[in-house]
Amino acid sequence: MKLLLIHSDYIEYEVKDKAISHPEEINIKNDRMEEALTVFVAVEKIDEKSPKQAVLDAGNEIVKTAEQLKVDNIMIYPYAHLSSDLASAKAGKEILVLLEEFFKKTKFIVKRSPFGWYKAFKISCKGHPLSELSREIIPGGEESESLKKERKLSSYWHILTEDGTLHDVGEFNYNNREKLKKFAMYEKEKSRAVKQEPPHVKLMQTLEIADYEPASDAGNMRFYPKGRFIKKLIEEYVTQRVIEYGGLEVETPIMYDMDHPTLSKYLQRFPARQYQIESDKRMFFLRFAACFGQFLMAHDATISYKDLPLKIYELTRYSFRREQSGELTGLRRLRAFTMPDVHSLVSNLDMAMDEFKVRFDLSLSVLKNIGIDIDDIEMALRTTKDFYDKNKEFLVDFVKKLGKPVLLEMWDERIFYFVLKYEFNFVDMSDKASALSTDQIDIENGERYDITFTDNEGKQKHPLILHCSPSGAIERVMYALLEKEAIRMKQGKKPMLPVWLSPTQIRFIPVKDEFVSDCEGFVDDLQKISSYYHIRGDIDDREESVGRKIRDAEKEWIPVIVVAGEKEREEKTFTPRFRNDELGDSNKSYSIQELHELMLGHVKDFTQHKLPLSLYVSKRPRFKG
RNA sequence: GCCGCCGUAGCUUAGCUGGUGGAGCGGCUGAUUCGUAAUCAGCAGGUCAAGGGUUCAAAUCUCUUCGGCGGCUCCA
């Protein structure tokens, strides 16, 4: 049976002449239905063998679509032209009647236009992506291509534990692994319990980190000074780690010719997802990943096997994906995002697997140091059955490294360009999972881009390519950090960004005007201790009460607050308010030198920058209420 | 993109069944010089997201567009 489903504002028809010698007898010559799913049906030979099954399969498929579209009305419309292998007129009519009866038992209101007549009809199609669908129903057993693919994807979800056992996702005992359960359910069922605005949206605004920009396209954010600074620190940290790992940092264009022979093939598979721009009558698309520039560069390079693994790195600001508008939320998913992407060209699968291990450690370490721990993430491994069977030990090693069970998705055959992929996913308060770090073993693009290296026998070969983002999109890392703090707030704890990411690390509050100059001296002393390590202090010199200034500093999540007056001027020691106990003891006194050492422990491994704001709080504009 | 909800000063918001918008925070001015989460007083901020319609009269009803959120879909 062939179906053409049209989500229509209305469908109306008028019966004209007989199309076959003995058409169905009719009472009404015309009819109309509003807000209907119009189902054009061609009954085929194959349906005659098992009419009931055909009706059941078709009916269920139609119900599924109708529920998705939230329509109540269904118009069944015989339409022979959909098939070249039609059932007999008698069988066709019977099956359509059965189909109508199928719907009479459901909540839907169904009408059927008569069989065997030429009819004039008018239809108004809504025109959204789901409004026109075609389906092929093969009764019993065999499913349509798309269904088959879907089924295949959904039936191979497992939990892989450290002992190497594969568990069924549905039957696994999650016990204390609530987040893994949520992640598995999110991936498999796409189901979620909590329905609310993600808390990081309010936080990114009130902390003056980032905000929506109505004058741009949705999903293109503005970053306020503090947000830009935090983002820069993360960007630089990830870059530094990749360079230490051996990545060669490059920069490539953000737009590419849509007609370029290599790229156009790639694009044709996903035509609707890019921004397109015109320049001198040529059409360009904005890059949606760093791959293009790096692959084109590698294509032109002369590479020896001795150079492998060859690691090329770029931090794209930005990559663009025209995600569906309904998918965009805060910093979680954007249309313009900053993506660190390091590719590694390797000679064969063995080298790929060795390299994969190195990068796994890199990703885990990068995330951990940024402030996202193993407890905050759930891992997914995605691979083919073939790869799994041959390399089970290799995969289980990653589970052991992580120290907790992971979600394993397995395909019968390779559907994508990679044979193996891992992701670290952050699961937020709304049970939504978002991928952060990821790495893939790509066995297609070396050839597609005609990248070659010379092996030790002088032969030209295509490398395999690993695609890794050690942190995931920087904006998404910020989302994860904020969501993590939102969870802490809900538990009644004080939220805080990691010290190295806090724009102000120590806030000095003079009790009177006359102590502002002393505070300037303290900030200066802090800076003089080291010309390399910058501990960022500032001064709240506003004409406000001390209580008020402390309150404001707390609202800014400043890790250390120091009130300075007569005592501090005399003794040069301070009794700071530490935001948490790990930073220091709020009942003890510290000298400037000791405060510096305390802070240093939290920042020494990261990139160093001075305060990106005015030293004086009184001289700062407010970017957000 | 689809379905649903929402959009009042920079921010948070009051405004009942239509009768030309009130407040708190923030900002500015003045007073206060203060020791660990909000000092006091005054002033200035609003084509009620934008545009059209209904009406003597629209923040309020209606339509369209834009933006945000939730769900669906999607996530190479």
Query raised in the report: Does K432(A) place a side-chain N or O at less than 4.0 Å from the phosphate oxygens OP1/OP2 of G71(B)?
Result: yes
Query raised in the report: Does the A38(B) base have a donor-acceptor partner in the side chain of R551(A) within less than 3.5 Å?
Result: yes
Query raised in the report: NA contact type, L328(A), heavy-atom cut-off 4.0 Å: base, sugar-phosphate, or nothing?
Result: sugar-phosphate
Report task. Would you please indicate if the ring centroids of F284(A) and H260(A) are separated by under 6.0 Å? Result -> no
Requested in this report: Taking the six-membered ring for Trp and the single ring otherwise, decide whether the centroids of Y449(A) and H299(A) are under 6.0 Å apart.
Outcome: no
Query raised in the report: Are K619(A) and Y616(A) in a cation-pi setup, meaning NZ or CZ lies under 6.0 angstrom from the ring centre and within 45 degrees of the ring axis?
Result: yes
Query raised in the report: How far does the P atom of A14(B) sit from the matching atom of A49(B), given to the nearest Å?
Result: 14 Å
Report task. Just call it for E543(A): base, sugar-phosphate, or nothing, with non-hydrogen atoms closer than 4.0 Å on any strand. Result -> base
Query raised in the report: Using atom P of each nucleotide, how far apart are G27(B) and G10(B) to the nearest Å?
Result: 15 Å
Report task. Hey, can you tell me if F292(A) and F288(A) have their rings parallel, tilted or perpendicular (30° and 60° cut-offs)? Result -> perpendicular
Query raised in the report: When all nucleic acid strands are considered with a 4.0 Å heavy-atom cut-off, which category describes G565(A): base, sugar-phosphate, or nothing?
Result: base
Query raised in the report: Would you call Y212(A) stacked on G67(B), i.e. ring centres under 5.5 Å apart with the planes less than 30° off parallel?
Result: no
Query raised in the report: OP1, OP2 of U39(B) versus side-chain N and O of S545(A): anything below 4.0 Å?
Result: yes
Requested in this report: In whole angstrom, give the distance that lies between atom CD of Q205(A) and atom C1' of G67(B).
Outcome: 13 Å
Query raised in the report: Base, sugar-phosphate alone, or nothing: which one does E566(A) contact when heavy atoms must sit under 4.0 Å apart?
Result: base
Requested in this report: Name the nucleic acid region contacted by R548(A), choosing base, sugar-phosphate or nothing; use a 4.0 angstrom heavy-atom cut-off, strictly under.
Outcome: sugar-phosphate
Requested in this report: For T329(A), answer base if it contacts any base atom (sugar-phosphate contacts may also be present), sugar-phosphate if it contacts only those atoms, and nothing otherwise; contact means non-hydrogen atoms under 4.0 Å.
Outcome: sugar-phosphate
Query raised in the report: Base, sugar-phosphate, or nothing: which does A289(A) touch, judged by heavy atoms less than 4.0 Å apart?
Result: nothing
Report task. Would you please test K421(A) and E423(A) for side chain to side chain contact (heavy atoms under 4.5 Å, CB included) and show each step? Result -> CA-CA 7 Å; K421(A) 171 185 187 179; E423(A) 294 153 21; 3.2 Å; yes
Query raised in the report: E568(A) near the nucleic acid: base, sugar-phosphate alone, or nothing, with a heavy-atom cut-off under 4.0 Å?
Result: base
Requested in this report: Report the relative orientation of the aromatic rings in F522(A) and F508(A); use parallel for angles under 30°, tilted for 30 to 60°, perpendicular for over 60°.
Outcome: tilted
Report task. Look through every strand shown and name the nucleotide pairing with G7(B) as Watson-Crick or G-U wobble, where both distances are under 3.5 Å. Result -> C66(B)
Query raised in the report: When we call it a touch if two heavy atoms are under 4.0 Å apart, what does V511(A) touch: a base, just sugar-phosphate, or nothing?
Result: base
Query raised in the report: Which is true for K421(A) with a 4.0 Å heavy-atom rule: it touches a base, it touches only sugar-phosphate, or it touches nothing?
Result: nothing
Query raised in the report: What is the nucleic acid contact for K549(A), judged by heavy atoms within less than 4.0 Å: base, sugar-phosphate only, or nothing?
Result: nothing
Query raised in the report: With both distances under 3.5 angstrom, what nucleotide forms a Watson-Crick or G-U wobble pair with A31(B)?
Result: U39(B)
Query raised in the report: For A76(B), which nucleotide in any strand shown is its Watson-Crick or wobble partner with both distances under 3.5 Å?
Result: none
Query raised in the report: With both distances under 3.5 Å as the test, what is the Watson-Crick or G-U wobble partner of G21(B)?
Result: none
Query raised in the report: Just to confirm, is there a sub-4.0 Å distance from OP1 or OP2 of C34(B) to any side-chain nitrogen or oxygen of K512(A)?
Result: yes
